Amino acid sequence: MGPVRFPGKPADAVGFRLADTFGENGTSFTPAHLGSRMTALGLVIAEFNRPITEQMEHEAAEAAQAAGAEVHDIVHVPGVYDAPLAADRLARLEAVDAVAVIGTVITGDTDHDQVISDATAQRLADVSLERDTPVTLGVTGPGMSAAESRERIENAAKAVDSALDLVDELPDPESPSRTAD
Ligand SMILES: Nc1c(NC[C@H](O)[C@H](O)[C@H](O)CO)[nH]c(=O)[nH]c1=O
Ligand SMILES: CC(=O)[C@@H](O)COP(=O)(O)O
């Protein structure tokens, strides 16, 4: 069996608790029942520059499959600027452990690429913090030509891997706090 990923959403919702995974002396073990639930991802895919984001979507799906994760839902949006609301809706789902946002911003004649990239990244970071759910940025650009965008298609897979890494690595918010006493 491959590595078991520890889901990020409340443990009670999936039938086990963090305490199940650690022995009293700090050694870790993995009860067999933990293997029954795969980490579930939400993907947001921007349709703008679709020939490129189509390949990015493929890379993202392959990365999830290679890691043994489930793609619970895919939401297509017109462009990356429209992604934060879709990411928020996905992050609100109990079944979704993390969200990866995929898109590419290619430079036009103005600074518009900078404007939409900055707004998108900032609002996605806000969604992640507000929903207490990993939301990773698989959006390439700005300041980039179409050729440079095509060279960065693999960043979609990196966003999926990062989302899964965060689900594994983030401490459980239900754990007792050091500042409690
Ligand atoms: N120029 C790019 C866009 N622009 C569209 C916006 O993201 C948005 O869909 C529109 O303003 C409606 O709200 N989107 C990209 O994903 N990539 C671009 O290069
Ligand atoms: C329409 C867009 O979002 C983008 O292509 C902006 O291009 P430009 O900077 O040439 O207006």
Side-chain angles (χ1 to χ4, degrees), residues 5-10 38-170 173:
R5 293 186 177 280
F6 188 81
K9 279 293 160 84
M38 298 163 100
T39 298
L41 284 178
L43 298 182
V44 180
I45 313 284
E47 300 271 355
F48 209 96
N49 302 312
R50 185 57 180 155
I52 295 174
T53 67
E54 194 169 21
Q55 293 179 58
M56 295 176 86
E57 181 172 351
H58 183 70
E59 290 284 323
E62 280 204 331
Q65 189 180 22
E70 174 205 357
V71 176
H72 178 80
D73 200 357
I74 301 178
V75 178
H76 290 92
V77 294
V80 298
Y81 181 82
D82 314 304
L85 179 59
D88 186 81
R89 293 283 173 93
L90 285 170
R92 285 160 62 177
L93 297 178
E94 193 70 63
V96 169
D97 297 312
V99 178
V101 178
I102 310 300
T104 187
V105 181
I106 294 172
T107 306
D109 296 330
T110 71
D111 288 341
H112 194 72
D113 61 331
Q114 194 78 51
V115 170
I116 62 175
S117 296
D118 288 351
T120 301
Q122 184 61 61
R123 296 305 284 153
L124 290 175
D126 292 344
V127 170
S128 182
L129 291 171
E130 284 162 15
R131 297 294 170 200
D132 193 26
T133 299
V135 176
T136 57
L137 187 66
V139 176
T140 55
M144 193 180 64
S145 67
E148 288 168 323
S149 171
R150 282 189 286 274
E151 287 167 11
R152 288 163 175 77
I153 282 165
E154 204 188 299
N155 284 14
K158 289 180 187 164
V160 165
D161 290 341
S162 298
L164 297 174
D165 285 348
L166 283 163
V167 173
D168 276 351
E169 290 297 326
L170 288 174

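Heavy-atom basis, side chains included; hydrogens, waters and symmetry copies ignored. If you're wondering where the values come from, they're calculated on a predicted model, not measured in any experiment. Each ligand, and each atom within it, is numbered from 1 in the order the structure gives.
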Quick one about R50 and T53 (side-chain donor to acceptor, distance below 3.5 Å, no hydrogens or angles considered), yes or no?
yes
Option with minimal heavy-atom separation from atom 12 (C) of ligand 1, where the choices are D82, I102, T53, V77:
D82
Would you say [X] and ligand 1 have an N/O pair spaced under 3.5 Å apart?
X: V80; result: yes
X: N49; result: yes
X: G79; result: yes

Which protein non-hydrogen atom lies closest to [atom], naming both residue and atom, and how far is it?
atom: atom 19 (O) of ligand 1; answer: I106 N, 3.0 Å
atom: atom 10 (O) of ligand 2; answer: D109 N, 2.7 Å
atom: atom 7 (O) of ligand 2; answer: G108 CA, 3.9 Å
atom: atom 1 (C) of ligand 2; answer: F48 CZ, 4.1 Å
atom: atom 17 (N) of ligand 1; answer: T104 O, 2.8 Å
atom: atom 9 (O) of ligand 2; answer: T110 OG1, 2.5 Å
atom: atom 18 (C) of ligand 1; answer: F48 CD2, 3.3 Å
atom: atom 6 (C) of ligand 1; answer: Y81 CB, 3.8 Å
atom: atom 4 (C) of ligand 2; answer: H112 CD2, 3.9 Å

Quick one: which of N155, T140, N49 gives a side-chain hydrogen bond (donor to acceptor under 3.5 Å, both in side chains) with T104?
T140
Separation of [Y] [atom2] from [X] [atom1] (nearest 0.5 Å):
X: L90; Y: R131; atom1: CG; atom2: CZ; result: 11.5 Å
X: Q55; Y: E154; atom1: CD; atom2: CD; result: 12.5 Å
X: D97; Y: T133; atom1: CG; atom2: OG1; result: 8.5 Å

Heavy-atom side-chain proximity of T136 to V101 below 4.5 angstrom:
no
For residues E59 and K158, determine if any side-chain heavy atom of one lies less than 4.5 Å from a side-chain heavy atom of the other.
no
Do D126 and R123 meet the salt-bridge criterion of a basic N to acidic O distance under 4.0 Å?
yes
Is it true that, when you exclude D118 itself, more than 12 heavy atoms of the residues, nucleotides or ligands shown sit nearer than 6.0 Å to its CG?
yes
Tell me whether D111 has any N or O atom under 3.5 angstrom from an N or O of ligand 2.
no
May I ask whether atom 4 (N) of ligand 1 is less than 4.0 Å from at least one protein heavy atom?
yes
So does S145 get a backbone contact from the side chain of E148, meaning a donor-acceptor N/O pair under 3.5 Å?
yes
